[in-house]
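First the structure, in the form of structure tokens, and then the observations on it.
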Number of protein chains: 2
Amino acid sequence: MTDQAAGRDRDRRPTMVDVARAAGVSLKTVSRVANGVPTVRSDLADRVRAAMSELGFQRNNVAANLRSGRNTATIGLIILDLANPFYSTIAAAAAAVAERFDTQLITASSGWDPVRERELVLDLCERRVDGLIIAPTGDDQSYLGAEIARGMPAVFIDSPPSGCLADTVLIDNRTGTRDLVRRLLAEGHRDIGVITDSLNDFTMRERLAGAAEALEEAGIESGRHFRRIYSDRPHTAGDAVGAMLDSSEPPTAFFCGNNRILLGAVEELARRHDRTRLAAFDDFEFAPLLPRPVTVVGYDTRTLGRLAAELVFQRLRRPRSAQANYVVPTYLVDRGMAVDPV
Amino acid sequence: MTDQAAGRDRDRRPTMVDVARAAGVSLKTVSRVANGVPTVRSDLADRVRAAMSELGFQRNNVAANLRSGRNTATIGLIILDLANPFYSTIAAAAAAVAERFDTQLITASSGWDPVRERELVLDLCERRVDGLIIAPTGDDQSYLGAEIARGMPAVFIDSPPSGCLADTVLIDNRTGTRDLVRRLLAEGHRDIGVITDSLNDFTMRERLAGAAEALEEAGIESGRHFRRIYSDRPHTAGDAVGAMLDSSEPPTAFFCGNNRILLGAVEELARRHDRTRLAAFDDFEFAPLLPRPVTVVGYDTRTLGRLAAELVFQRLRRPRSAQANYVVPTYLVDRGMAVDPV
DNA sequence: GTGAAAGCGCTAACAG
DNA sequence: CTGTTAGCGCTTTCAC
């Protein structure tokens with residue numbers, strides 16, 4: 001490098017070469033100081049540090065990682081929608097674990113698009129993230145097999161992968177729903193309206209299966225009052241509730257497959273001044289404020305995110321450890337408040 | 001590189017050199033194919049592509065960016081708490097913009113810790129993110145001045161920076177609150193209890209100032225009914241409400257500085273079967289389900305995130321463009337439902 | 001203790 | 001149209 005190429009432009013970020021020249025030492029000494037290597041003569045180290053702050057030097061970690069072959073200290077989190085509190089809570093919990101390992105999280109939303117999911121995985125792999133946490137959509141993650149075989153830590157959350165083997169952290173959808181429906185049965189309800197979202201979704205299938213188990217235990221035909229809705233408008237759930245209530249044998253209780261459905265049901269029941277028993281999967285922040293009692297299946301979303309992140313770092317340390325499949329337990333909790341008329 | 005160093009280990013990711021050797025072409029031809037350069041003889045391109053999928057090649061974008069001096073296609077988002085829907089909505093909106101530019105978001109939470117905020121900024125700069133979106137905490141962001149001068153696009157959201165100049169996207173806290181308090185005044189309320197969170201917070205100071213403006217317009221001493229709370233437990237807000245109601249001249253209306261305070265107030269009023277008029281800053285998803293009418297100040301959080309991200313990319317294109325200071329407008333909306341007794 | 005040389009995986013520049 | 005050479009900013013040898 002000639003002297004005139006010494007980088008006179010103010011815009012360029014100073015490199016270790018610039019620092020070395022300013023401090024009158026070799027590039028390598030600068031590198032040592034930057035990395036806190038103790039065996040550097042203190043006067044040299046001081047000169048280097050002075051030059052660093054003089055020039056406003058900041059190490060380029062991208063370059064450092066490239067040469068050292070070390071990790072990028074980044075893990076990728078692919079979820080369905082970051083605006084959804086369920087996923088943002090997971091992201092926050094995973095980030096808290098990552099922080100302990102000086103690692104940052106790249107969070108991306110697939111928006112329920114399997115093609116996008118795959119693109120994101122590829123993109124993150126090309127960025128050489130150290131690991132991947134994925135809430136899958138669609139039913140084919142076989143494209144990840146090669147990555148996993150190559151040693152990329154991959155953890156699936158909320159739903160298991162299809163077409164490849166990986167660590168998973170799931171919620172106990174089936175047991176949670178079974179316990180909830182058992183409770184309704186114990187209260188004497190025999191006609192229980194079950195409202196689910198699309199059964200393309202693993203979690204929804206599991207919840208329905210849990211409900212069916214409880215109903216069958218009680219000798220009740222599990223499909224007796226069953227409505228599927230596909231829309232994300234709460235209104236649709238309200239319509240389902242209305243249709244069942246208007247039938248010749250209306251249910252005396254409803255199980256709502258998620259909190260969105262519950263909200264639609266609450267609104268419809270409020271409109272009708274109807275006090276049919278309500279139960280649902282998913283607890284949520286404002287459930288205590290619901291204007292009528294509701295029993296919901298709760299679970300610790302933060303635990304889900306935390307376990308997933310911990311699995312990634314665990315697998316980073318011991319790449320060939322046995323596949324881990326965690327299940328986050330559920331519990332029943334009574335929400336909603338008794339309120340006055342306005 | 002000698003032949004025996006050809007990388008026999010199965011674990012190592014294949015590089016362009018490996019692909020070139022397998023395809024019997026030069027490294028550069030592989031690079032061209034990987035980058036979609038059209039001027040490659042089709043039979044060579046086919047051989048390269050075959051070798052690529054044979055070896056499971058994935059370009060290392062970290063290395064590619066290093067050499068080309070291009071961007072890392074990453075922007076950093078520093079917020080206070082990703083688990084908070086306000087911030088996760090911003091993150092989702094910013095990510096949606098970033099997606100249009102094939103850019104990923106690294107999202108990190110400072111947790112209201114100024115030291116952590118600074119560490120995160122430094123870390124993200126060392127990772128050579130292309131830009132930064134920051135919801136600041138603390139009152140000194142002067143450490144960013146050098147970065148901004150060097151051309152790092154930085155956009156502050158929710159609160160402006162102190163000690164440096166940068167683009168901002170803020171919410172019109174002052175106007176929103178002033179309009180809301182004006183409405184209470186127009187309804188005839190003269191005794192309005194104002195409950196805020198810590199005034200260390202820029203947004204809270206602005207909201208209080210907006211309330212004061214409206215009260216002074218009406219010739220009312222603005223500090224008449226005023227309580228500050230510092231805790232994040234809604235209970236504390238309830239205590240403040242209770243104390244004011246128990247005073248010799250209880251307010252006939254309350255303004256709550258944020259939605260957390262509102263929830264505490266709602267609970268306390270429900271407990272007392274008290275129907276004092278309620279108003280608050282912040283709309284939120286479940287506000288329509290509140291068990292009593294409440295007028296809230298709403299704003300489009302997604303717009304905030306979108307504008308911030310767009311500013312980053314705008315400044316990336318034209319680094320020396322004039323400083324932009326956007327203000328997201330607010331509006332009043334009536335929430336809460338009239339409900340039956342249970 | 002310090003520094004020169006080589007090279008991480010890729011692209012830019014220039015030849016052929 | 002293809003290949004060679006150099007080099008991004010840093011770390012890793014391995015001499016001195």
Side-chain angles (χ1 to χ4, degrees), chain A residues 1-2 5-7 9 11-48 51-52 55-73 125-128 150, chain B residues 1-2 5-7 9 11-48 51-52 55-73 125-128 150:
Chain A
M1 182 185 286
T2 66
D9 45 346
D11 246 25
R12 202 181 55 107
R13 303 184 97 105
T15 73
M16 284 193 179
V17 172
D18 300 323
V19 174
R21 188 172 308 130
V25 298
S26 81
L27 162 63
K28 180 61 203 174
T29 299
V30 177
S31 170
R32 280 195 255 262
V33 172
N35 290 300
V37 173
T39 64
V40 177
R41 231 171 56 213
S42 61
D43 60 321
L44 286 194
D46 288 344
R47 254 159 56 201
V48 168
M52 280 178 170
L55 297 173
F57 171 78
Q58 278 178 176
R59 179 174 53 174
N60 183 333
N61 276 335
V62 173
N65 290 332
L66 176 62
R67 179 59 181 101
S68 64
R70 268 199 317 254
N71 298 327
T72 53
C125 287
E126 290 188 343
R127 287 164 186 268
R128 296 296 187 264
R150 205 178 267 141
Chain B
M1 182 184 287
T2 66
D9 45 345
D11 243 26
R12 203 182 54 107
R13 304 184 96 104
T15 72
M16 284 192 179
V17 172
D18 299 323
V19 174
R21 189 173 306 129
V25 299
S26 81
L27 162 62
K28 182 63 203 176
T29 299
V30 177
S31 169
R32 280 196 255 262
V33 172
N35 290 300
V37 174
T39 63
V40 177
R41 231 171 57 214
S42 62
D43 60 321
L44 286 193
D46 288 343
R47 256 160 56 201
V48 169
M52 279 178 171
L55 297 174
F57 171 78
Q58 276 178 176
R59 178 174 54 175
N60 184 334
N61 275 336
V62 173
N65 289 332
L66 177 62
R67 178 61 183 109
S68 63
R70 268 199 316 252
N71 298 329
T72 53
C125 287
E126 289 189 345
R127 289 163 185 269
R128 295 295 186 268
R150 207 180 264 139

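A, B, ... follow the sequence lines: proteins, then strands. Residue 1 opens every chain.
- One can place CG of A/N71 at 15 Å from C1' of C/dC8, the figure rounded to the nearest angstrom.
- Partners of B/N35 under the side chain to side chain contact (heavy atoms under 4.5 Å, CB included) rule, at least two apart in sequence or in another chain, are B/S31, B/V37, B/R59.
- In the interface, the side chain of B/R32 is paired with the base of D/dG3 through a donor and an acceptor atom under 3.5 Å apart.
- When the side-chain nitrogen and oxygen atoms of B/T29 are compared with OP1 and OP2 of D/dG3, one or more of them lie within a distance under 4.0 Å.
- For the OP1/OP2 pair of C/dG3 and a distance below 4.0 Å, the side-chain nitrogens and oxygens of A/S26 include at least one atom meeting the criterion.
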- Message: A/V62 vs B/N65, test: side chain to side chain contact (heavy atoms under 4.5 Å, CB included). Steps then yes/no.
- Response: CA-CA 9 Å; A/V62 173; B/N65 289 332; 5.8 Å; no
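- If A/T15 and B/S42 are placed on DNA chain D by their nearest nucleotide, the residue sitting closer to the 5' end is B/S42.
- Spacing between atom CG of B/L66 and atom C1' of C/dC8 amounts to 9 Å, rounded to whole angstrom units.
- Here the closest heavy-atom approach between residue A/M16 and residue A/L27 is recorded as CB-CD1, 3.4 Å.
- At the heavy-atom level, A/L44 lies under 4.0 Å from the strands shown only through sugar-phosphate atoms.
- Looking at heavy-atom distances under 4.0 Å, A/V62 makes no contact with the nucleic acid at all.
- DNA chain D is contacted by both B/V25 and A/S31; B/V25 maps to the nucleotide lying nearer its 5′ end (nearest heavy atom per residue).
- As rounded to whole Å, 9 Å separates atom P of C/dT11 from atom CG of B/N60.
- Contact annotation for B/R59: backbone-only contact, meaning every heavy-atom pair under 4.0 Å involves sugar-phosphate atoms and none involves a base.
- Under the side chain to side chain contact (heavy atoms under 4.5 Å, CB included) criterion, B/R41 pairs with B/D43, B/L44, not counting sequence neighbours.
- Between B/S68 and the phosphate of C/dT11, there is no side-chain N or O to OP1/OP2 separation shorter than 4.0 Å.
- DNA chain C is contacted by both B/K28 and B/A63; B/A63 maps to the nucleotide lying nearer its 5′ end (nearest heavy atom per residue).
- We find that CZ of A/R21 is positioned 12 Å from P of D/dG9, with the value rounded to whole Å.
- Contact of B/R67 with D/dG7 (side chain to base): a donor-acceptor pair of N or O atoms is detected under 3.5 Å.
- At whole-Å resolution of the value, CD in A/Q58 and C1' in D/dG9 are 14 Å apart.
- The nearest whole Å value for the distance from the CG atom in A/D18 to the P atom in D/dG9 is 8 Å.
- As judged by a 4.0 angstrom heavy-atom cut-off over every strand, B/N35 is placed among residues touching the sugar-phosphate backbone only.
- Listed for the B/R127 side chain is a donor-acceptor partner under 3.5 Å among the backbone atoms of A/T72.
- Whole-Å rounding puts the A/R70 CZ to D/dG9 P distance at 18 Å.
- Note: CE (B/M16) to P (D/dT4) measures 16 Å, nearest angstrom.
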